[in-house]
Amino acid sequence: MIIREIRELQAAHYDLLLLADPDKLLVENYVKRSVCFEAVFDDTEAGILALLPTRPETLEIVNIAVAKPYQGQGISEELLQFALSYAQNGQYKTVEIGTGSTSFGQLYLYQKCGFRMTSIDRDFFLRHYEEEIVENKLILKDMVRLSIDV
Ligand code: ACO
């Protein structure tokens, strides 16, 4: 598997981005300002990673997704490690990531990779998403923010 920067986002990339974030307008807005990478396996799109410089010395992973057939094989862990190395090489000090309070698997994954919880943005998903999101039988309301110093 190789991880490489994406010069121009294609439909297959959006399919992946929308797995992590169902709102296409929001996705289009932040990918314009992000550096995006693809994980390619046997010439097939296996995963995507979008990194957005937010504040000085801070990089946010705004989108990470792995195509269904490739899930459960450690690809997201590789993408997260790639993001941390990219941040170190780019002189960033902190990498942030936000996820839904109902995204239990993702919360496990990020903490397994060393991220720690920093804050909760209450009602984030009610304020920013027109469509209600239900996950793990709960209405998604709050965003959990996590970070790691690199
Ligand atoms: N539920 C339970 N456990 C999970 C989940 C999950 N949804 N995702 C990952 N894990 C666990 C795995 O079991 C594994 O644990 P282990 O090694 O201790 O057994 C560990 O996390 C690493 O898993 P990977 O195989 O590296 O994860 P994968 O490549 O399948 O990708 C991802 C995980 C990105 C969450 C994938 O399931 C996905 O694309 N989901 C849909 C999109 C999504 O939710 N993206 C994140 C949104 S937040 C954001 O983008 C900022």
Side-chain angles (χ1 to χ4, degrees), residues 1-6 9-55 58-87 92 94-129 131-150:
M1 189 186 75
I2 55 163
I3 298 175
R4 65 185 178 206
E5 189 173 343
I6 303 169
L9 288 163
Q10 310 291 336
H13 298 126
Y14 277 99
D15 289 344
L16 287 172
L17 291 162
L18 291 169
L19 280 180
D21 189 337
D23 191 318
K24 191 157 189 212
L25 283 179
L26 286 180
V27 170
E28 280 171 341
N29 183 289
Y30 62 64
V31 290
K32 274 189 263 171
R33 296 174 284 127
S34 304
V35 192
C36 295
F37 297 90
E38 60 186 348
V40 180
F41 195 82
D42 280 346
D43 280 338
T44 309
E45 294 298 330
I48 200 150
L49 174 72
L51 304 176
L52 177 67
T54 48
R55 296 187 297 282
T58 302
L59 190 66
E60 180 172 346
I61 300 172
V62 283
N63 195 298
I64 179 166
V66 172
K68 288 231 162 65
Y70 294 96
Q71 288 180 7
Q73 299 170 35
I75 292 177
S76 74
E77 277 192 69
E78 272 190 58
L79 285 169
L80 288 167
Q81 290 311 327
F82 177 88
L84 300 185
S85 303
Y86 177 88
Y92 291 95
T94 306
V95 177
E96 293 184 338
I97 193 162
T99 195
S101 62
T102 53
S103 304
F104 308 129
Q106 289 80 343
L107 285 168
Y108 163 75
L109 167 66
Y110 305 146
Q111 290 176 93
K112 185 185 177 197
C113 292
F115 285 82
R116 302 273 308 274
M117 293 190 192
T118 46
S119 62
I120 292 167
D121 196 342
R122 276 175 72 101
D123 293 332
F124 176 91
F125 291 96
L126 302 182
R127 277 187 270 115
H128 293 281
Y129 289 76
E131 298 280 320
E132 183 176 86
I133 303 171
V134 176
E135 188 182 29
N136 292 315
K137 297 196 277 183
L138 292 167
I139 295 171
L140 176 56
K141 297 175 187 165
D142 307 321
M143 158 91 85
V144 180
R145 295 198 173 278
L146 303 96
S147 71
I148 185 170
D149 291 336
V150 293

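Whatever order the structure lists ligands and atoms in, that order sets their numbers, starting from 1. Quantities reported herein were computed from a predicted structural model and do not represent experimental measurements. Residues: numbered from 1 along the sequence shown.
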Worksheet item: Any non-hydrogen protein atom below 4.0 Å of atom 45 (N) of ligand 1?
Response: yes
Discussion item. Under a 4.0 angstrom heavy-atom cut-off, which atoms of ligand 1 come close to Tyr110?
Written reply: 46 (C), 47 (C), 48 (S), 49 (C)
Discussion item. Closer than 4.0 Å to some heavy atom of Gly98 - which atoms of ligand 1 meet that?
Written reply: 48 (S), 51 (C)
Discussion item. For atom 50 (O) of ligand 1, what's the nearest protein heavy-atom neighbour? Residue, atom name and distance, please.
Written reply: Ile64 N, 3.1 Å
Worksheet, complete the sentence: Of Thr118, Asp149, Thr54, the one forming a side-chain hydrogen bond (donor to acceptor under 3.5 Å, both in side chains) with Thr94 is Asp149
Discussion item. Can a donor-acceptor pair be found, under 3.5 Å and without considering hydrogens, that links the side chain of Asn136 to the backbone of Leu138?
Written reply: no
Worksheet item: Which word best sums up how the rings of Tyr129 and Phe124 line up, parallel for under 30°, tilted for 30 to 60°, or perpendicular for over 60°?
Response: tilted
Response to the item:
Within 4.0 Å of some non-hydrogen atom of Gly72, the atoms of ligand 1 are 25 (O), 28 (P), 30 (O)
Worksheet item: For atom 12 (C) of ligand 1, is the nearest protein heavy atom closer than 4.0 Å?
Response: no
Practice prompt. Verify, without hydrogens or angle tests, whether Glu45 (side chain) and Phe41 (backbone) share a donor-acceptor contact under 3.5 angstrom.
Written response: no
Item to complete: Could you name the option among Ala65, Gly105, Gly74 that has the heavy atom nearest to atom 4 (C) of ligand 1?
Response: Gly105
Discussion item. Between Ser103 and Glu135, is there a side-chain donor-acceptor contact under 3.5 Å, judged purely by atom types and distance?
Written reply: yes
Discussion item. Can you name the atoms of ligand 1, numbered from 1 with element, that are less than 4.0 Å from a heavy atom of Thr99?
Written reply: 48 (S)
Discussion item. Checking a contact table here: which protein heavy atom is nearest atom 18 (O) of ligand 1, and how many Å away?
Written reply: Tyr108 OH, 2.4 Å
Worksheet item: Which of the atoms of ligand 1 are close to Asn63, meaning less than 4.0 Å from one of its heavy atoms?
Response: 50 (O)
Worksheet item: More than 12 non-hydrogen atoms from neighbouring residues, nucleotides or ligands closer than 6.0 Å to CZ on Arg116, yes or no?
Response: no
Discussion item. How far is atom 7 (N) of ligand 1 from the closest protein heavy atom, and which atom is that?
Written reply: Gln106 OE1, 3.9 Å
Worksheet item: Which residue owns the protein heavy atom closest to atom 38 (C) of ligand 1, what's the atom, and how far is it?
Response: Gln71 NE2, 3.4 Å
Practice prompt. For Leu19, take its heavy atoms, then give the atoms of ligand 1 lying under 4.0 Å from any of them.
Written response: 41 (C), 42 (C)
Discussion item. Counting only heavy atoms closer than 4.0 Å, does ligand 1 sit against the backbone of Lys112, its side chain, both, or neither?
Written reply: side chain
Discussion item. Suppose we measure from atom 24 (P) of ligand 1 to each protein heavy atom; which comes out shortest, and what is that distance?
Written reply: Ser76 OG, 3.4 Å
Worksheet item: Would Arg55 and Glu96 pass as an ion pair if we require N to O under 4.0 Å?
Response: yes
Worksheet entry | Side chain Glu38, main chain Arg4, donor-acceptor under 3.5 Å | no
Worksheet entry | Interfacing atoms of ligand 1 (cut-off 4.0 Å, heavy-atom, Glu77) | 17 (O), 20 (C), 22 (C), 26 (O)
Discussion item. Strictly below 4.0 Å, N to O, side chains only: are Glu60 and Arg145 in salt-bridge contact?
Written reply: yes
Discussion item. Heavy-atom pairs closer than 4.0 Å: do any link ligand 1 to the side chain of Phe104, the backbone, both, or neither?
Written reply: neither
Worksheet item: At a 4.0 Å threshold, what atoms of ligand 1 neighbour a non-hydrogen atom of Ile61?
Response: 51 (C)
Worksheet entry | Within 6.0 Å of CD in Glu131, more than 12 heavy atoms from elsewhere | no
Practice prompt. Quick one: look up the protein heavy atom nearest atom 39 (O) of ligand 1 and list residue, atom name and how far away it is.
Written response: Val66 N, 2.8 Å
Practice prompt. Let me know which of Leu9, Val62, Ile6, Leu51 forms a side chain to side chain contact (heavy atoms under 4.5 Å, CB included) with Ser34.
Written response: Val62
Worksheet entry | Contact check, side chains of Phe82 and Leu49, non-hydrogen atoms, under 4.5 Å | yes
Fill in: Check: Tyr70 N/O within less than 3.5 Å of ligand 1 N/O
no
